[in-house]
Amino acid sequence: MSRSGAVAAMPIGDGSRRRLLRGVAGACTLALAGCGRRDERTLRFWAMGREGEVVGELHSDFARERPGFTVRVEQLPWSAAHEKLLTAFAGDATPDVAQLGNTWIAEFAALNALLPLRPWLDADRSIDAADYFEGIWRTNEVDGTLVGLPWYVDTRLLFYRRDLFMRAGVDAMPDTWAGFTRALDALQRAGTLHPLLLPVSEYEPLLALALQQDEPLLRDGARFGNFRGAGFRRALGFYMERFARGHAPSTTGGDIANLWQEFGRGTFATFISGPWNIGELDRRLPAGLRDSWSTATLPGPGGPGASTAGGSSLVIFRRSPRQADAMRLLSYLSRPEVQLRFYALTGDMPPRRSAWRAAPLAGDTRARAFATQLERAKPSPAVPEWERIAQEMQLVATRAVAERWSVEQAAAAIDARVDGFLAKRRWMLARAARSGGA
C-alpha cells in the first residue's frame with residue numbers, strides 16, 4: 001500500500017541515522033522510550049487503520065497455541081504511523097512486530113531496523129515463497145535480503161460497465177492498448193462523452209502503464225531516473241493521449257462528487273481502482289445495476305498488461321528481544337486459512353495463491369480478475385525515495401496534461417526532478433564504495 005509522507009532515508013550506518021533522528025525527535029523520543037519497557041510474556045504489535053481494529057480477533061487461536069504469551073495490538077492512524085515508527089526507532093522503543101506499507105520497506109531496511117527473515121524461513125517450511133504472488137513477494141526484498149512477509153495485497157485494474165460496453169459493440173474488455181483505444185472510441189460514438197475516469201491526482205494508473213514497459217524506472221543502480229527512456233515515454237504518451245482525445249476528462253478525484261453514483265449513472269464507463277471497490281459498488285449501486293458491471297485486468301502495449309504491487313507487510317524489528325516468538329506470530333498470520341479469516345473481516349486480499357483456491361474467493365468472479373492481475377504485478381523500485389518520486393511523477397504529468405506539454409518535455413522534467421531527489425543517494429553510495437575499497 002502506498003502511503004504519503006515518507007521521508008527519504010539512505011543506506012547509512014545505524015548509529016549516524018539514529019543520532020540524526022534523536023535530534024529531530026526530542027521530547028517525543030523520551031516519551032516513547034518510557035513505553036519501551038518489555039513484558040517478557042507479551043508481544044507488541046503495531047498495526048494501522050482498519051487492520052489494527054480487527055487483527056486482535058485473530059490472536060485468540062495464536063494465544064492458545066502459545067500458552068502464557070499474549071499479543072498487545074497498538075492501533076496507529078496511517079497519518080501518524082510513519083513518524084511514530086521513526087521516533088520509536090530513534091528512541092530504542094520499536095515494537096516486536098509491525099505492519100508496514102510496502103513502500104516503506106526500503107526506508108526501514110536502509111536504517112538497518114528490520115530483521116532479515118530468510119534464516120527463520122529456512123527453518124519454517126510452512127511459509128513457501130512459491131505460494132505467494134511473485135511481484136508482491138519482491139516488494140519485501142531489499143538488495144536481495146528478505147525483511148518482511150506480505151500480509152495483504154493490492155493492485156489496480158479496470159472496473160467497467162458491461163452493459164455500456166456491449167451497447168457500444170464491445171463484447172469483452174480488450175487486452176491491448178490498441179484494442180482499448182478502439183473500445184473507448186466506440187463508447188464515445190455510443191454517447192458516453194468521457195468513457196474513462198482517470199483522475200490526474202492519482203499516480204497509480206500512470207505507474208501501472210510505466211511498469212508495463214521492459215525498461216526500469218531508475219537506472220545505474222537506482223542512482224538516476226530513467227524517465228527519458230523510450231519505455232516511460234511510451235507509457236506517458238498513451239496516458240496523455242487519453243486526455244487529448246477526450247477519452248478521459250482532466251479532473252481530480254475530488255471533482256467527482258460520488259464515484260459510485262456517477263458510475264451508476266453512466267457518466268463514465270470504466271475506471272482504474274483497487275479491490276475495496278468491489279464491496280463499495282455492491283453496497284452503493286441500485287439493485288438493478290448490480291449485475292451490470294465487472295472487473296478486468298489492465299490492457300498492455302501488446303497483450304495483457306502488468307500493474308502495481310501494493311499492500312502491507314509484516315516485519316520484525318531487530319531490537320525485539322523475542323524474535324523467535326515474533327516469527328511464530330508472522331507464521332501464524334501467514335497461514336492461508338488465517339488470511340481468509342482476515343479477508344472476511346477486512347476485505348483485504350490475501351497474498352498466497354492457495355488462499356485464492358478456497359471459498360469464498362474461488363467462486364468470486366469479480367475478485368478472480370485481481371488474482372489474474374496479481375500474477376502480473378510488478379514492484380516499484382526498492383529505494384527509500386520512491387514515494388516522493390511517484391508523487392512528483394504525477395505532479396508533472398498533471399501539469400503536462402493541463403498545459404499540453406509534449407511527452408518529451410514532461411519526461412525530461414520528471415527525470416530532472418528525480419535526479420535531484422536521488423543526489424544524496426548517489427553521494428552515500430559513492431562514499432560507501434570508497435570506504436569499501438579503502
Partner residues of [X] under the ring pair (Phe, Tyr, Trp, His ring centres under 6.0 Å) criterion, sequence neighbours left out:
X      : value
Phe317 : none
Trp120 : none
Phe370 : none
Tyr343 : none

Side chain to side chain contact (heavy atoms under 4.5 Å, CB included) partners of [X], counting only residues at least two apart:
X      : result
Arg138 : Glu134, Glu141, Pro379
Gln213 : Trp177, Arg234, Ala235, Pro301
Arg156 : Asp154, Glu204, Ile272, Trp276, Ser307, Thr308
Pro116 : Thr145, Arg318

With sequence neighbours excluded, give me every salt bridge (charged side-chain N to carboxylate O under 4.0 Å, His left out) pair touching residues 205-233.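 Sorted pair list: Arg228-Asp415.
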If you look only at pairs with a residue in residues 118-129, which of them pass as a salt bridge (charged side-chain N to carboxylate O under 4.0 Å, His left out), with sequence neighbours excluded?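 Passing the test, one end in residues 118-129: no pairs.
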Establish, from distance only, whether the side-chain atoms of Asp163 and Trp293 form a donor-acceptor pair under 3.5 Å.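 The criterion, which ignores hydrogens and geometry beyond distance, is not satisfied for Trp293 and Asp163.
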Taking side-chain hydrogen bond (donor to acceptor under 3.5 Å, both in side chains) as the cut-off, I'd like each qualifying pair that reaches into residues 357-369, sequence neighbours left out, listed once.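 Every side-chain hydrogen bond (donor to acceptor under 3.5 Å, both in side chains) pair that includes a residue of residues 357-369, provided the two are not neighbours, is Asp282-Arg366.
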Strictly by side-chain hydrogen bond (donor to acceptor under 3.5 Å, both in side chains), give each pair with a member in residues 399-408 just once, sequence neighbours left out.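 The answer is Arg399-Glu403, Glu403-Trp405.
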Between Phe238 and Phe180, what is the ring plane arrangement, given parallel below 30°, perpendicular above 60°, and tilted in between?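 Taking Phe180 first and then Phe238, their aromatic rings sit tilted (interplane angle of 30° to 60°).
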